[in-house]
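Contents: one structure, followed by commentary.
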Amino acid sequence: MPMVNLKKIKKNLRTKDAFRSRILDVVRGIPKGAVLTYKEVARLAGNEKAARAVGAVLRRNYNSEIPCHRVIKTDGTFGGYNRGIENKAAILKKEGYRATVNSL
DNA sequence: ATGCTGACGCTGG
DNA sequence: CCCAGCGCCAGCA
């Protein structure tokens, strides 16, 4: 049973891997009825300039525990969705989202 | 290592 | 209002 390699863990914190998990963490925390923009998620994940990368990560994520349908564009449009853009719109409507949660 | 691509964002025209 | 041009970053060939 090897003990945890702190060095490696620490290094991971500033790696793309970490960035990715932070994104997922953030998205996982979006409450029902609310939505965040890609930019917001990027900021909460540590890099405001990485909005585009956020999309890239979410696009490749298929974990149903992650409500990636609650992430939309800054201009208010939906953006894309793995399981069908229509589905995304439908779900959001059903959840009755109001505005973006900038205060997180 | 290098070059494209894309669920983005902002500035102009 | 619509669109092209740039900048940005991670993912992948």
Side-chain angles (χ1 to χ4, degrees):
Chain A
M1 190 54 153
M3 64 187 277
V4 286
N5 185 332
L6 293 182
K7 243 180 182 176
K8 198 160 191 177
I9 292 178
K10 194 165 187 180
K11 182 179 180 184
N12 261 344
L13 287 178
R14 32 185 215 64
T15 279
K16 301 177 182 176
D17 237 19
F19 184 63
R20 215 172 46 208
S21 34
R22 268 179 260 146
I23 288 176
L24 297 179
D25 281 337
V26 172
V27 175
R28 189 172 40 206
I30 303 177
K32 178 179 144 197
V35 294
L36 286 185
T37 65
Y38 291 95
K39 185 183 175 185
E40 287 293 329
V41 175
R43 184 163 58 74
L44 295 174
N47 186 348
E48 176 159 8
K49 315 262 180 131
R52 199 166 190 178
V54 171
V57 170
L58 292 183
R59 188 167 91 66
R60 295 170 176 72
N61 170 72
Y62 282 78
N63 187 330
S64 52
E65 297 294 296
I66 312 291
C68 29
H69 60 272
R70 299 190 187 145
V71 184
I72 65 179
K73 298 227 267 176
T74 301
D75 61 25
T77 55
F78 300 96
Y81 192 49
N82 271 353
R83 307 165 173 174
I85 183 63
E86 293 201 344
N87 214 338
K88 181 171 181 177
I91 297 174
L92 285 179
K93 182 162 188 175
K94 198 147 194 167
E95 295 187 345
Y97 77 99
R98 321 289 182 185
T100 61
V101 185
N102 308 301
S103 49
L104 287 178

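Residue numbers begin at 1 in each chain, while the letters A, B, ... track the order of the sequences.
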Listing request: all salt bridge (Lys or Arg N to Asp or Glu O under 4.0 Å) pairs with a residue in residues 60-72 of chain A, at least two apart in sequence or in separate chains.
A/Arg70-A/Glu95

Under the salt bridge (Lys or Arg N to Asp or Glu O under 4.0 Å) definition, can you give me all pairs with a residue in residues 77-91 of chain A, not counting sequence neighbours?
none

Partner residues of A/Lys39 under the salt bridge (charged side-chain N to carboxylate O under 4.0 Å, His left out) criterion, sequence neighbours left out
A/Glu48

Footprint ends on DNA chain C, 5' to 3', for atoms under 4.0 angstrom from a heavy atom of chain A, come out as C/dG7 to C/dC12

Under the side-chain contact (heavy atoms from CB on, under 4.5 Å) criterion, do A/Tyr62 and A/Asn82 qualify, and how do the steps go?
CA-CA 8 Å; A/Tyr62 282 78; A/Asn82 271 353; 3.7 Å; yes

Please name all residues satisfying side chain to side chain contact (heavy atoms under 4.5 Å, CB included) with A/Asn61, sequence neighbours left out, ordered by chain then number.
A/Leu24, A/Asn63, A/Ile66, A/Cys68

With A/Lys49, which residues qualify under side chain to side chain contact (heavy atoms under 4.5 Å, CB included), at least two apart?
A/Asn47

Quick one: side chain to side chain donor-acceptor pair (under 3.5 Å) partners of A/Arg52, sequence neighbours excluded?
none

Please enumerate all residues that pass side chain to side chain donor-acceptor pair (under 3.5 Å) together with A/Asp75, with sequence neighbours excluded.
A/Thr77

Between A/Ile23 and A/Leu58, does the side-chain contact (heavy atoms from CB on, under 4.5 Å) criterion hold? Intermediate values first, please.
CA-CA 8 Å; A/Ile23 288 176; A/Leu58 292 183; 4.3 Å; yes

Below 3.5 Å is the cut-off: list the nitrogen or oxygen pairs between protein and nucleotides 4-7 of chain B, distance only.
residue: B/dG6; atom: N7; partner: A/Arg52; partner atom: NH2; Å: 2.8
residue: B/dA7; atom: O4'; partner: A/Gly80; partner atom: N; Å: 3.2
residue: B/dA7; atom: N7; partner: A/Arg59; partner atom: N; Å: 3.3
residue: B/dA7; atom: N6; partner: A/Leu58; partner atom: O; Å: 2.8
residue: B/dA7; atom: N6; partner: A/Asn82; partner atom: ND2; Å: 3.3
residue: B/dA7; atom: N3; partner: A/Tyr38; partner atom: OH; Å: 2.7
residue: B/dA7; atom: N3; partner: A/Gly80; partner atom: O; Å: 3.1

A/Asn47 has an atom CG; how far is it from atom P of B/dC8, in whole Å?
16 Å

For DNA chain C, write out the stems as range with range, using runs of 3 or more consecutive Watson-Crick or G-U pairs with both distances under 3.5 Å.
B:2-6 with C:9-13, B:8-13 with C:2-7

Output, in order, the C-alpha distance, side-chain angles, deciding distance and verdict of side-chain contact (heavy atoms from CB on, under 4.5 Å) for A/Val71 and A/Val27.
CA-CA 8 Å; A/Val71 184; A/Val27 175; 4.0 Å; yes

